[in-house]
Asks: 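Submitted below is the structure of interest, expressed as structure tokens.
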Amino acid sequence: MQATSINENSVKDLTEQLRKLEEKYESQKQMTEMTIGFLQDANEKLTEAKDEIDKVNKRVQQSINYAQRIQQKILPSDQKVHRLYPDSFVLYKPKDVVSGDFYYADEDDRFNYLAVIDCTGHGVPGAFLTLIVNSLLESILKENKSNRADILLKKLDERLFHYLNKNEGVKKIQDGLDITFCMKEKSSNKIYFSSTHQRLYHVSSQTIEEYKGAPYSIGEFSKRQAKLMNHQLEFEQGDMIYLSTDGIIDQFGGQDNEKFKRKNFKNLLLKIADYPLEKQQKIIDLTFEKWRGNKVQTDDVLVMGIKL
């Protein structure tokens with residue numbers, strides 16, 4: 001009888017343990033099903049969100065591509081640049097699809113005009129400013145009766161400031177640009193130019209002269225505008241001039257991941273100045289890419305070379 005009692009108790013204990021296990025299993029099963037359901041729902045929402053993000057990205061990219069086409073329209077054509085400056089090159093490497101750097105070339109009865117311009121920022125904000133600046137510059141040159149490049153830049157400074165700050169009660173916009181603006185006189189071997197935060201390089205007889213721009217940004221419109229200077233350069237046939245934004249000298253790279261720097265750029269220009277223009281462009285481009293290596297491009301890059 002004692003053995004029978006023990007077996008019955010054992011059966012009851014095992015039955016109770018089995019019941020608890022079944023309850024635990026059922027609870028875990030329900031929790032698993034709830035978790036699977038939650039994850040499936042979350043995955044569906046993530047998929048929907050991804051699809052929506054992809055649609056937005058596609059619309060943004062389409063808008064940026066359209067902005068690129070607009071910006072390309074304001075740039076002088078290769079044919080126009082080579083008509084005004086037959087021996088010349090343009091190295092133009094935007095950091096993004098659109099650029100805050102751009103160049104300008106035009107003429108009137110007295111002068112061939114040339115400018116290299118670096119607007120605040122890069123990408124879409126910088127590109128938007130290039131459209132405004134290009135329009136203002138064109139209107140100013142239509143009125144030009146002077147050989148004073150600095151006066152033209154002072155007009156651009158004032159008009160850009162007022163254009164960006166014409167709404168009263170709105171915080172002033174400090175955006176602006178750096179520029180080298182040249183006026184090559186058709187009847188002589190003279191170039192008049194003015195520059196802000198950029199430099200013009202003149203190579204003649206295997207020597208290079210560097211003209212520093214004023215420490216002033218167009219669009220600031222302050223008393224410091226007086227720092228703008230009008231330079232006059234007399235050249236010999238075969239001389240080279242170079243205009244550049246700061247994108248190439250500020251590029252990080254090399255073995256020590258440092259900036260390319262102006263000294264290296266200046267030495268490079270002196271070394272290649274006697275080469276054909278197409279070869280010069282390729283050497284500058286290859287030098288830049290070799291220096292950059294696998295580093296991200298720091299800024300928009302623009303270099304122009306003109307054989308006079």
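Just so you know, residue 1 is the first one in the sequence shown, and it goes up from there.
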Asks: When clusters are formed by joining ILVMFWY residues with side-chain heavy atoms under 4.5 Å apart, either directly or through shared neighbours, do I151 and L136 land in the same one?
Replies: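 Different hydrophobic clusters.
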Asks: Go through T180 and L114 one step at a time and tell me if the side chain to side chain contact (heavy atoms under 4.5 Å, CB included) criterion holds.
Replies: CA-CA 8 Å; T180 299; L114 182 68; over 6 Å; no
Asks: Check this for me: does any side-chain nitrogen of one of D106 and K80 sit under 4.0 Å from a carboxylate oxygen of the other?
Replies: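 Yes, this pair counts.
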Asks: Would you check if the side chain of S135 reaches a backbone N or O of I132 as a donor-acceptor pair within less than 3.5 Å?
Replies: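 Pair absent, no side-chain N/O of S135 close to backbone of I132.
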Asks: In Å and rounded to the nearest 0.5 Å, what is the CZ to CE distance from R148 to M229?
Replies: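 Interatomic distance, R148 CZ to M229 CE, rounded to 0.5 Å: 9.0 Å.
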Asks: Has the side chain of Q225 got a donor or acceptor atom that lies under 3.5 Å from a matching backbone atom of D157?
Replies: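 No; judged by distance alone, with no hydrogens or angles, the pair does not exist.
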Asks: Any side-chain heavy-atom pair from N267 and I208 closer than 4.5 angstrom?
Replies: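 Not touching, per the 4.5 Å side-chain cut-off.
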Asks: Go through the side-chain N and O atoms of Y192 and D150 and say whether any donor and acceptor fall under 3.5 Å apart.
Replies: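 Side-chain D/A pair, Y192 to D150: absent.
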Asks: Parallel, tilted or perpendicular: which fits the ring planes of F193 and H231, with parallel below 30° and perpendicular above 60°?
Replies: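 Geometry flag for H231 against F193: parallel rings.
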Asks: Answer yes if L137 and V90 sit in the same cluster of Ile, Leu, Val, Met, Phe, Trp and Tyr residues linked by side chain heavy atoms under 4.5 Å apart, and no otherwise.
Replies: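 Result: yes, single cluster for both.
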Asks: Same hydrophobic cluster for M183 and L153, using side-chain heavy-atom links shorter than 4.5 Å among ILVMFWY?
Replies: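 Both belong to a single hydrophobic cluster.
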Asks: Can you name the salt bridge (Lys or Arg N to Asp or Glu O under 4.0 Å) partners of E158, sequence neighbours left out?
Replies: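 None.
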Asks: Can any side-chain N or O of R224 pair as donor or acceptor with the backbone N or O of P215 at less than 3.5 Å?
Replies: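 Here the side-chain-to-backbone pair exists.
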Asks: Would you find more than 12 non-hydrogen atoms of other residues, nucleotides or ligands less than 6.0 Å from K212 atom NZ?
Replies: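 Atom NZ in K212 is not packed in, count stays at 12 or less.
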Asks: Please round to the nearest 0.5 Å and tell me the distance separating atom CD1 of I249 and atom CZ of R262.
Replies: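 If I round to the nearest 0.5 Å, the distance is 3.5 Å.
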Asks: Run the side chain to side chain contact (heavy atoms under 4.5 Å, CB included) test on V203 and I241 for me, step by step, so that the C-alpha distance in whole Å, both residues' side-chain angles and the decisive distance to 0.1 Å come before the verdict.
Replies: CA-CA 6 Å; V203 180; I241 62 169; over 6 Å; no
Asks: Tell me whether E185 contacts the main-chain N or O of R110 through its side chain, where contact means a donor paired with an acceptor under 3.5 Å.
Replies: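 Not confirmed, E185 side chain does not pair with R110 backbone.
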Asks: Working to the nearest 0.5 Å, report the span between CG of L200 and CD1 of I306.
Replies: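 Interatomic distance, L200 CG to I306 CD1, rounded to 0.5 Å: 10.0 Å.
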Asks: L308 versus D87: any side-chain heavy-atom pair under 4.5 Å?
Replies: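 No, side chains not in contact.
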Asks: Can you get from Y211 to I117 by hopping between Ile, Leu, Val, Met, Phe, Trp and Tyr side chains that sit under 4.5 Å apart?
Replies: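 Yes, it is one cluster - the side chains of Y211 and I117 are joined through contacts under 4.5 Å.
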Asks: Can you get from I272 to M240 by hopping between Ile, Leu, Val, Met, Phe, Trp and Tyr side chains that sit under 4.5 Å apart?
Replies: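 Yes.
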Asks: Dump the intermediate steps for side chain to side chain contact (heavy atoms under 4.5 Å, CB included) on K186 and N112, then the final yes or no.
Replies: CA-CA 7 Å; K186 292 183 176 181; N112 284 351; 3.1 Å; yes
Asks: The test is salt bridge (charged side-chain N to carboxylate O under 4.0 Å, His left out); show your working for K93 and E289 and say whether it passes.
Replies: CA-CA 11 Å; K93 298 171 74 73; E289 291 299 335; 2.9 Å; yes
Asks: Rounded to the nearest 0.5 Å, what separation is found between the CG atom of D239 and the CD atom of E236?
Replies: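 Separation between the atoms: 6.0 Å.
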Asks: Could you measure the distance from the CD atom of Q280 to the CG atom of D274? Nearest 0.5 Å is fine.
Replies: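 Between atom CD of Q280 and atom CG of D274 there are 8.0 Å.
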Asks: Looking at side-chain heavy atoms only, is the closest gap between F89 and V303 below 4.5 Å?
Replies: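 A side-chain contact under 4.5 Å exists here.
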Asks: Are Y275 and Q281 close enough that a side-chain donor and a side-chain acceptor fall under 3.5 Å?
Replies: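 Looking only at side-chain atoms, Q281 and Y275 do not form any donor-acceptor pair under 3.5 Å.
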Asks: Please check if the side chain of H197 supplies one atom and the backbone of Y216 the other of a donor-acceptor pair under 3.5 Å.
Replies: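 Such a contact is found between H197 side chain and Y216 backbone.
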Asks: Please check if the distance between the ring centroids of F181 and Y104 is under 6.0 Å.
Replies: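 No, the ring centres sit 6.0 Å or more apart.
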Asks: At their closest point, which heavy atom of T130 faces which heavy atom of C119, and how far apart are they?
Replies: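 Of all heavy-atom pairs spanning T130 and C119, the closest is CG2-SG, 3.8 Å.
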Asks: Would you find a donor on one side and an acceptor on the other, under 3.5 Å apart, between the side chain of E107 and the backbone of L84?
Replies: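 Side chain of E107 to backbone of L84, a donor-acceptor pair under 3.5 Å: no, none is there.
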Asks: Considering only NZ, NE, NH1 and NH2 on the basic side and carboxylate oxygens on the acidic side, decide whether K184 and E234 come within less than 4.0 Å.
Replies: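 Result for this pair is no, no salt bridge flagged.
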Asks: First locate atom OG of S195, then atom CG of D178, and finally report the distance between them rounded to the nearest 0.5 Å.
Replies: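 Going from OG on S195 over to CG on D178, the span is 8.0 Å.
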Asks: Does either side chain, that of N230 or that of S194, offer a donor lying less than 3.5 Å from an acceptor on the other one?
Replies: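 The criterion, which ignores hydrogens and geometry beyond distance, is not satisfied for S194 and N230.
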Asks: List the steps and the verdict of side chain to side chain donor-acceptor pair (under 3.5 Å) for T298 and D250.
Replies: CA-CA 7 Å; T298 306; D250 285 345; over 6 Å; no
Asks: Judged by atom type as modelled, is there a donor-acceptor pair below 3.5 Å linking the side chain of E220 to the main-chain atoms of S222?
Replies: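 Between the backbone of S222 and the side chain of E220 there is no qualifying donor-acceptor contact (under 3.5 Å).
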Asks: Please give me the minimum heavy-atom distance between S88 and V81, naming the atom from each residue.
Replies: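 Closest pair (atom of S88, atom of V81, distance): OG-CG1, 3.7 Å.
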Asks: Donor-acceptor check, side chain of D300 to backbone of S99, threshold 3.5 angstrom: yes or no?
Replies: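 No: the side chain of D300 does not pair with the backbone of S99.
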Asks: Under 3.5 Å, is there a donor-acceptor pair linking the side chains of D118 and T245?
Replies: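 Looking only at side-chain atoms, T245 and D118 do not form any donor-acceptor pair under 3.5 Å.
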Asks: I want to know whether Y103 and Y92 have ring centres closer than 6.0 Å.
Replies: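 Yes - the distance between ring centres of Y103 and Y92 falls below the 6.0 Å cut-off.
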Asks: Test side chain to side chain contact (heavy atoms under 4.5 Å, CB included) on K307 and L277 and set out the steps.
Replies: CA-CA 8 Å; K307 179 172 282 190; L277 276 294; 4.1 Å; yes
Asks: I'd like to know if E138 and K142 make a salt bridge, using a cut-off of under 4.0 Å between side-chain N and carboxylate O.
Replies: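 Here E138 does not pair with K142 in a salt bridge, since their nearest N and O are not under 4.0 Å apart.
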